[in-house]
Amino acid sequence: MKEDREPTGFEMAVYDVVRRIPKGKVSTYGAVARAAGRGSARSVGSALARNPFAPEVPCHRVVRADGALGGFSGHTEGPEMDRKTRMLREEGVEVRDGAVDMTRFGAGLE
DNA sequence: GTTGTGACGGGTC
DNA sequence: CGACCCGCCACAA
């Protein structure tokens, strides 16, 4: 188990970017990292894995560059992932075999 | 300061 | 198209 801790400046920057992802669209870890102005896809993933602002921060709208969902609530597989998929569909995002069509649902964070 | 880890990404084979 | 490898950057010990 990872010990709880206060969010760092970098993590807050990531949450701020993710928070403004429009409903019905998704973004990628790499795009968020660029939008935050620093860090990388790995860093963003680590930050969201500790996301203490759910559901205020829609971490479920952040997926991998290849369209795969990535993870949710600290899990990369299991029932938590099903929940993430359902949430996306709820917002109008088409999820096909655990992946999203980035060419149609990719947010304009690029 | 060094080492290991991770919800990643892109390139090569 | 899958397996493999390397680079990436922030964080904890």
Side-chain angles (χ1 to χ4, degrees):
Chain A
M1 297 271 292
K2 319 282 189 182
E3 297 180 19
D4 291 12
R5 54 174 171 68
E6 295 300 310
T8 65
F10 169 73
E11 290 172 341
M12 287 300 277
V14 171
Y15 301 143
D16 188 54
V17 172
V18 174
R19 198 177 305 158
R20 66 189 189 197
I21 296 175
K23 173 184 167 191
K25 292 201 173 182
V26 300
S27 187
T28 65
Y29 297 98
V32 172
R34 289 175 70 89
R38 56 196 177 164
S40 64
R42 275 212 186 295
S43 308
V44 172
S46 292
L48 292 183
R50 300 327 204 327
N51 176 21
F53 295 96
E56 187 177 338
V57 176
C59 44
H60 61 274
R61 290 184 195 150
V62 184
V63 299
R64 292 180 27 169
D66 60 345
L69 298 194
F72 189 61
S73 298
H75 299 275
T76 57
E77 56 180 47
E80 307 296 8
M81 291 303 303
D82 293 338
R83 217 161 291 153
K84 177 171 182 175
T85 301
R86 191 183 303 212
M87 289 173 74
L88 287 173
R89 287 179 176 167
E90 189 78 18
E91 298 184 352
V93 177
E94 184 179 336
V95 182
R96 162 91 176 185
D97 188 50
V100 179
D101 186 342
M102 297 304 298
T103 66
R104 290 160 54 193
F105 299 102
L109 291 177
E110 330 154 35

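Protein chains get the first letters and strands the later ones, always in sequence-line order, with residue 1 at the start of each. Hydrogens, waters and symmetry mates are skipped; everything else that's a heavy atom, side chains included, is used.
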Check your understanding: Are A/R5 and C/dA12 close enough that a side-chain N or O sits under 4.0 Å from OP1 or OP2?
Key -> yes

Practice item. Among the candidates B/dG9, B/dA7, C/dC9, find the nucleotide nearest to the side-chain atoms of A/S40. Key: C/dC9

Review point. Is A/N51 close to A/V18 at the side-chain level, that is, under 4.5 Å between some pair of heavy atoms?
Key: no

**Study point:** A/R50 with A/E11: basic N within carboxylate O range, under 4.0 Å
**Key:** no

Point to revise | Between P of B/dG9 and CZ of A/R34, the distance in whole Å | key: 13 Å

Point to revise | Nearest to side-chain heavy atoms of A/K84, which nucleotide of B/dA7, B/dG9, C/dA10 | key: B/dA7

Review point. Given atom CD of A/E80 and atom P of B/dA7, what is their separation to the nearest angstrom?
Key: 14 Å

Study note, to complete from the structure: Among the nucleotides B/dG9, B/dA7, C/dA10, whichever has the atom closest to the side chain of A/A65 is B/dG9

Point to revise | Spacing of A/E11 atom CD relative to B/dG6 atom C1', expressed in whole Å | key: 13 Å

Review point. Which of the following nucleotides, B/dG9, B/dG6, B/dA7, is nearest to the side chain of A/S43?
Key: B/dG6

Review point. Is a side-chain donor or acceptor of A/D97 paired with a backbone partner of A/A99 at a separation under 3.5 angstrom?
Key: no

Exercise for review: Quick one: label A/F10 by what it contacts on the DNA or RNA (base, sugar-phosphate, nothing), any heavy atom closer than 4.0 Å.
Suggested key: sugar-phosphate

Practice item. Round to the nearest Å and state the distance from A/N51 atom CG to C/dC11 atom P. Key: 15 Å

Practice item. Return the nearest nucleotide to the side chain of A/F72; candidates are B/dA7, C/dC11, B/dG6. Key: B/dA7

Point to revise | Results of side chain to side chain contact (heavy atoms under 4.5 Å, CB included) for A/R89 - residues two or more places apart only | key: A/T85, A/V95

Point to revise | d(CZ, A/F53; P, B/dA7) in whole Å | key: 20 Å

Exercise for review: Could you tell me the separation between the CE atom of A/M12 and the P atom of C/dC11, rounded to a whole number of Å?
Suggested key: 13 Å

Exercise for review: Report the residues that fulfil side chain to side chain donor-acceptor pair (under 3.5 Å) with A/E90, sequence neighbours left out, ordered by chain and then residue number.
Suggested key: none

Exercise for review: May I ask you to say what A/T76 touches in the nucleic acid, namely base, sugar-phosphate or nothing, with a heavy-atom cut-off under 4.0 Å?
Suggested key: sugar-phosphate

Check your understanding: From the list B/dG10, C/dA10, B/dA7, which nucleotide is the closest neighbour of the side chain of A/A49?
Key -> B/dA7

Check your understanding: Whole-Å distance between C/dC8 P and A/R64 CZ?
Key -> 19 Å

Review point. For A/D66 and C/dC1, what is the distance between atoms CG and P respectively, to the nearest whole Å?
Key: 12 Å

